[in-house]
Amino acid sequence: MAPAEVIIIDLVYIDGELGMVKLTADGVLEAIEYGEPSRYWTVKKDVLGFVVEGKYIRIKTVVEREEGICCGEFGGDYSRRDFVFEPFSEDARNRFCFRLRRYLDSLGRPKRLLVFVNPFGGKKSAVKIFEKEVKPLFEDADIHLDVQETKYQLHAKEMVRSMDVSKYDGIVCVSGNGVLVEVVNGLLQRADWQTVFKLPIGIIPAGTGNGMIKSLLDPVGLPCCANSATISIIRGHKRSLDVATISQGTTKFFSVLMLAWGLVADIDIESEKFRWMGSARMDFYAIQRIICLRQYNGRVLFLPAPGFDSYGQPTSYRLYKEPPVNDKAFGYQGPDTKLEDLEWREIKGPFVSVWLHNVPWGAENNLVAPAAKFSDGFLDLIVLKSCPKLALLSLMTQINEGTHVESPYVAYLKVKAFALEPGALVGEPDKEGIIDADGEVLARGRRSYKCEQIALMSYDKLQITVDQGLATLFSPEY
């Protein structure tokens, strides 16, 4: 293979000694020092940016640690390490800076980002994580930041629904999953959603539920840390993400993570009463709910993906279609799908749990849907109808590794569309459940937890359709 074309090569001083710096067209930066082995950096992967400091040029780089471990709030698989050299003259310095800047600009990296920081999520450490771990890296990469702290729930949704986002190259959420979901729903409710929703969205883990960023980082072996997530955003790689439209009449919610009904939803929402316990509240309340196990009447209907048509029984179903509207005036109306005449199937209750997932991880330690893909146009459906309590307790512990889907008590399949007809608790016809979408209550049934609070939808039939690859995320390179 012929050597790459040299963009620039210059004699320089490195630590006071004569040396040479070379940048090639394939993006390799080489430092050559007398009597020392050459040092190499791949600009695309290793170089954040550079700065001129008097006579010197400081190249700001990241290097992979040999054993990347995320300890506590901070850490990651990368550490900062700079390379400093002195060109022979001002002209040489300007020439090198011009060539390196032009190469960095050719990589398509973001230059201006809108950043939402949620100071209330998780351990309330988002501000600290942003200031200590995230902001310095963005500054090293010479990325301009417009930082907005959210003041209350749905604040980010309100802001992106009305503000001018055309000047940004992306939106970053320093939070758990909640602010990401707000940003998605806010953008899709805009009249110009077709334009603004092309903006890539980045996630920095700083909350309780970090399922989306875990799903992005885990396939390439990166820990779910602010360090790794920030560098992935700086590098500017992107990937598509399916968006699910949950509809009930004319009411819509746009989901990118999951929908749960039954055991999982009850644990997720009702465990809030034990929030003082921290992350242990989930495990503690899960044991309570398994001991006093609930089952719900109801029915699920689905359009199976190819290869999954053996699940359930044949049925007929017509998707609700509202009258045509001008989506430029009313925002995104969901995918324009024609699914009515296809072969729908159904599973009748009672159910212990019904779970739909768009990405593999539900949280940092929950591999809920190990076969889920970001943009395959399908949702992963996990159905649990009945299960002995001891087996269920074991099954819940297997979610960490994703082996729960191999249980004979679990039906695990992919669906193109889905409808839920939730019913009452078995043996208590006047008590209903909770429907949870992306970690927030979508609907509360009679006598359910905090049933007096108003939810977006009623505890009744709803349907879900998928728009393949509608959203764009900042992502590591796969």
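Counting heavy atoms from C-beta outward, M159 and F116 have side chains that approach closer than 4.5 Å. For the pair F418 and L356, the minimum side-chain heavy-atom distance is below 4.5 Å. For the pair V441 and D436, the minimum side-chain heavy-atom distance is 4.5 Å or more. Between Q148 and L114 there is a side-chain heavy-atom pair separated by less than 4.5 Å. Using a 4.5 Å heavy-atom threshold, the side chains of S232 and P476 count as touching. R294 is not listed as a side-chain neighbour of L263, based on a closest heavy-atom distance of 4.5 Å or more. At least one side-chain heavy atom of L187 sits less than 4.5 Å from a side-chain heavy atom of I171. By the 4.5 Å heavy-atom criterion applied to side chains, F197 and R190 are not counted as neighbours.
Atom CG of L462 and atom OG1 of T245 lie 12.5 Å apart (nearest 0.5 Å). The structure places NZ of K252 at 12.0 Å from CD1 of I246, a figure rounded to the nearest 0.5 Å. Of the inter-residue distances, the one linking N177 atom CG with E182 atom CD reads 11.5 Å to the nearest 0.5 angstrom. For the atom pair CG of L48 and CZ of R235, the computed distance is 8.0 Å after rounding to the nearest 0.5 Å. From L367, atom CG reaches atom CG of D218 across 7.5 Å, with rounding to the nearest 0.5 Å. With values rounded to the nearest 0.5 angstrom, E406 atom CD is found 10.5 Å from L395 atom CG.
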Run the numbers on I203 and L216 for side chain to side chain contact (heavy atoms under 4.5 Å, CB included), then give the verdict. CA-CA 9 Å; I203 307 105; L216 286 166; 4.1 Å; yes
Would L425 and Q295 satisfy side chain to side chain contact (heavy atoms under 4.5 Å, CB included), going step by step from the backbone distance to the final call? CA-CA 6 Å; L425 195 64; Q295 284 186 291; 5.9 Å; no
Does the pair L384 and Y412 meet the rule for a side chain to side chain contact (heavy atoms under 4.5 Å, CB included), with working shown? CA-CA 9 Å; L384 180 64; Y412 180 44; over 6 Å; no
Side chain to side chain contact (heavy atoms under 4.5 Å, CB included), that's the test. Do I464 and L259 meet it? Break it down for me. CA-CA 10 Å; I464 304 177; L259 177 137; 3.8 Å; yes
Criterion salt bridge (Lys or Arg N to Asp or Glu O under 4.0 Å) on D430 and R446, from CA distance to verdict: CA-CA 7 Å; D430 62 337; R446 292 172 297 162; over 6 Å; no
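Between V183 and the choices N185, V179, V181, L180, the side chain to side chain contact (heavy atoms under 4.5 Å, CB included) rule is met once, by V179.
The shortest heavy-atom contact between F274 and Q288 is CZ-NE2, 4.3 Å. Scanning both residues, Y152 and F120, for their nearest heavy atoms gives N-CE1, 4.3 Å. The minimum heavy-atom distance linking S386 with V352 is given by the pair CA-CG2, 4.1 Å. Contact detail for A437 and F253: the closest heavy-atom pair is CB-CE2, 3.8 Å. Across A226 and E133, no two heavy atoms sit closer than the pair CB-CG, 3.7 Å. In this structure, F474 and D169 approach most closely via the heavy-atom pair CZ-O, 3.9 Å.
At most 12 heavy atoms of other shown residues, nucleotides or ligands fall within 6.0 angstrom of atom NZ in K135. Within 6.0 Å of atom CD in Q453, more than 12 heavy atoms from other residues, nucleotides or ligands are found, so the atom counts as buried in its surroundings. In R112, the CZ atom is crowded: over 12 heavy atoms of neighbouring residues, nucleotides or ligands sit closer than 6.0 Å. The environment of NZ in K238 is crowded: more than 12 heavy-atom neighbours from other residues, nucleotides or ligands sit within 6.0 Å. The environment of K45 atom NZ is sparse: at most 12 non-hydrogen atoms of other residues, nucleotides or ligands sit within 6.0 angstrom. Around atom NZ of K44, no more than 12 heavy atoms belonging to other residues, nucleotides or ligands sit under 6.0 Å away. Applying the 6.0 Å contact sphere to CD of E131 captures more than 12 heavy atoms from other residues, nucleotides or ligands.
Side chain to side chain, E272 and Y285 fail the donor-acceptor criterion of an N or O pair below 3.5 Å. At a cut-off of 3.5 Å, with distance as the only test, a side-chain donor of S458 or Q248 sits close to an acceptor on the other residue. The closest side-chain donor-acceptor pair between D242 and S375, if any, does not fall under 3.5 angstrom. Side chain to side chain, Y459 and W261 meet the donor-acceptor criterion of an N or O pair below 3.5 Å. Y332 and D467 share a donor-acceptor pair across their side chains, judged by distance under 3.5 Å alone. For the residue pair D192 / Q194, no side-chain donor-acceptor distance below 3.5 Å is found, with atom types taken as modelled. Between the side chains of E158 and S162, no donor-acceptor pair is found at a separation under 3.5 Å. In this model, a donor atom of one side chain and an acceptor atom of the other lie less than 3.5 Å apart for S166 and D164.
Ion pairing of E139 with R80 is absent here, as no side-chain N (NZ or NE/NH1/NH2) approaches a carboxylate O to less than 4.0 Å. Using a 4.0 Å cut-off between charged nitrogen and carboxylate oxygen, R299 and E346 count as a salt-bridge pair. The existence of a salt bridge linking D142 and K111 is excluded, since no basic side-chain nitrogen approaches an acidic carboxylate oxygen closer than 4.0 Å. The pair D266-R289 does not count as a salt bridge, with every side-chain nitrogen at least 4.0 angstrom from each carboxylate oxygen. Using a 4.0 Å cut-off between a side-chain N of Lys or Arg and a carboxylate O of Asp or Glu, R447 and E428 qualify as a salt bridge.
Between the side chain of N358 and the backbone N or O of M258, no donor-acceptor pair lies under 3.5 Å. The backbone N or O of V256 sits less than 3.5 Å from a side-chain atom of D438, completing a donor-acceptor pair. Put simply, the side chain of S448 never gets that close to the backbone of R444: no donor and acceptor are under 3.5 Å apart. The main-chain N or O of S394 is found under 3.5 Å from a side-chain atom of T397 such that the two form a donor-acceptor pair. A donor-acceptor distance shorter than 3.5 angstrom exists from the side chain of D46 to the backbone of T42, with no hydrogens or angles considered. A donor-acceptor pair under 3.5 Å is formed between the side chain of D376 and the backbone N or O of F378. Looking only at distances, no side-chain donor or acceptor of K157 sits under 3.5 Å from a matching main-chain atom of G186.
R345 forms no cation-pi arrangement with Y311, by the criterion of a distance under 6.0 Å to the ring centre and an angle within 45° of the ring axis.
By the 30° and 60° cut-offs, the orientation of the rings of H357 relative to W355 is perpendicular.
Listed by chain and number, the residues in a side-chain hydrogen bond (donor to acceptor under 3.5 Å, both in side chains) with Q153 are E440 (sequence neighbours excluded).
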